[in-house]
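The structure appears right after this line, and notes come after that.
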Amino acid sequence: MQLTLTNARIPGERGLIGSLINVVITDGIISDIQFVGATGAISLDFDPAGETIDLGGRYLIPGMWDTHTHFTSWSMLLQRLNLEGVASAREVGERVKARHVTHPGTMVGFGWRGSLWEEEPHFSILDAACPDEEVYLFSGDGHSVWLNTKALEARGHAGHPTGLLVEDDCFAIWGSLGDLSPEELDKAVLEGSKAAAARGVVGIVDFEMGWILPDWRRRIGNGNDFLQVEFSVYTENLDRAIETGLRTGDTIASTEGLLRMGNYKLISDGSLNTRTAFCHDPYPGLTGKHARGMLNTSYDQLVALMTKASSAGINCSIHAIGDDANTFALNAFEEVGCEGTIEHAQLLAWEDIQRFAELGVVASVQPEHAMDDRDVADVLWEGRTDRCFPFASMLDAGVKLTMGSDAPVAPLDPWFAIASAVERTRDTREPWHPEQRIEPQAAIDASVRTRVAVGQRADLCVVDIDPLYASVEELRTMPVAATFNGGRLTHNAL
């Protein structure tokens, strides 16, 4: 099967002779590229076979990958109470009260960030707003959940002093909420897949908790073929993956090559907003055992689990946000000698940046988090933010970056991540630590897995604006005209 894309423009070559190309795709692979000049006219000796699509001088780049998602949770977000941008605990109570009137029953919300609120979250605020139904409100970073009394009782936490559960207690609730049927979930995921493809996304790394292999196999079998998916496993399913014989990179049968085994994910520390990211220095105002944050896994456990996974052919992805957590994770990678990623890598010791490169550990980063966290970081990591999200320093040291969203913590939109990495601002304020800005091409390279080149899989994205010359607002709102996944048209706005 052959498809030819004509009159495509190469980013960064505005007005240059040879900047327009025709791309021939045969059985999902780029089989030929012909340079045709800058006029937009197909040369006389070019006679494409099969279907032809005229891109009309639009820009052709590789298809995007989001290398850190919780895809089902993101797809469900529109079904739940949106708490992004709330300014106080009392405002949350007001939104819960209003939602309870229009949507009776168990309530799930997401998106609040309370680190700088004057009043701490407390179950009494939610009890006043909704006393007779269970309420679960997850923070924007996904590391804490705020419950009312009825929910605390239902989850075995009756008598909890505040109603705010963090880390493992939060994750247990996140993974157990079943407020939608499998059919409803699959419908939401299908719509989410289409929305991702509409932003140029061809593949995701899915860190959704639970054993999600059968979920994605079912979805793909039922026609959801918009994305390539790499699924991961957590500790509770590591033995199952090993016993099943899964290894990183394995393609799952009967999924049209769209579903592959990813990595083993382990959460080593917490998050900045929850003040559980494990750091070298204590958080302002905190004392005692957890003044520097929390390690969810001891170093010995980390090494043992990484050894177990890597010995079975499963690479490791270690969540680490605080500087000490990143040091411990790098130490473990060095001791075990395995391949993998550190997810987030937000606050780093300067000496650890070079260690990423030396050990070959990939930094899987989410640039939009820098914009979400800049204000709270200036308070909780005061005096250390020069080494917070240090993308330019990492690239200069030879570290391999991959970029994602951590959706639903941030929207699943690669152009948001690219814009934040390039400009370090998303509003009228000055860039935050502009010395850590990176070039647009570097940001795109960290968001893709292929090239527009002969022999490459035809994962392609067609955009209306040259991304190498776009403003921050143009990047964030980049018009995506078409997406091709292995040569298949998965989004068409031409």
Is the terminal nitrogen or CZ of [X] (NZ for Lys, CZ for Arg) located under 6.0 angstrom from the six-membered ring centre of [Y] and within 45° of that ring's axis?
| X | Y | value |
| --- | --- | --- |
| Arg488 | Phe226 | no |
| Arg449 | Trp65 | yes |
| Arg80 | Phe110 | no |
| Lys265 | Tyr234 | no |

Determine whether more than 12 heavy atoms belonging to other residues, nucleotides or ligands lie under 6.0 Å from atom [atom1] of [X].
| X | atom1 | result |
| --- | --- | --- |
| Glu439 | CD | no |
| Glu435 | CD | yes |
| Arg218 | CZ | yes |

Classify the ring geometry of [X] against [Y]: parallel below 30°, tilted from 30° to 60°, perpendicular beyond 60°.
| X | Y | result |
| --- | --- | --- |
| His70 | Phe207 | tilted |
| His344 | His319 | perpendicular |
| Phe328 | Phe278 | tilted |

Within the structure provided, determine whether [X] and [Y] are in side-chain contact (heavy-atom separation under 4.5 Å).
| X | Y | answer |
| --- | --- | --- |
| His491 | Phe484 | no |
| Phe71 | Trp216 | yes |
| Met306 | Cys338 | yes |
| Leu272 | His369 | no |
| Arg58 | Val463 | no |
| Val452 | Pro62 | yes |
| Glu368 | Asp406 | no |

Give the minimum heavy-atom separation between [X] and [Y], together with the two atoms involved.
| X | Y | value |
| --- | --- | --- |
| Glu343 | Ser364 | OE1-OG, 2.7 Å |
| Trp381 | Ala277 | CZ2-CB, 4.3 Å |
| Thr69 | Ser405 | CG2-OG, 4.3 Å |

Checking [Y] against [X]: is there a side-chain donor and acceptor pair closer than 3.5 Å?
| X | Y | answer |
| --- | --- | --- |
| Glu208 | Ser73 | yes |
| Asn263 | Ser232 | no |
| Asp54 | Asn7 | yes |

Please report the interatomic distance [atom1]([X]) to [atom2]([Y]), rounded to the nearest 0.5 Å.
| X | Y | atom1 | atom2 | answer |
| --- | --- | --- | --- | --- |
| Arg217 | Ile252 | CZ | CD1 | 6.0 Å |
| Thr255 | Ile220 | OG1 | CD1 | 5.0 Å |
| Ile465 | Ser471 | CD1 | OG | 7.5 Å |
| Asn237 | Tyr264 | CG | OH | 11.0 Å |

Under-4.0 Å salt bridge between [X] and [Y]:
| X | Y | result |
| --- | --- | --- |
| Arg387 | Asp323 | yes |
| Glu473 | Arg476 | no |
| Arg426 | Asp372 | yes |
| Arg113 | Asp141 | no |
| Arg355 | Glu334 | yes |

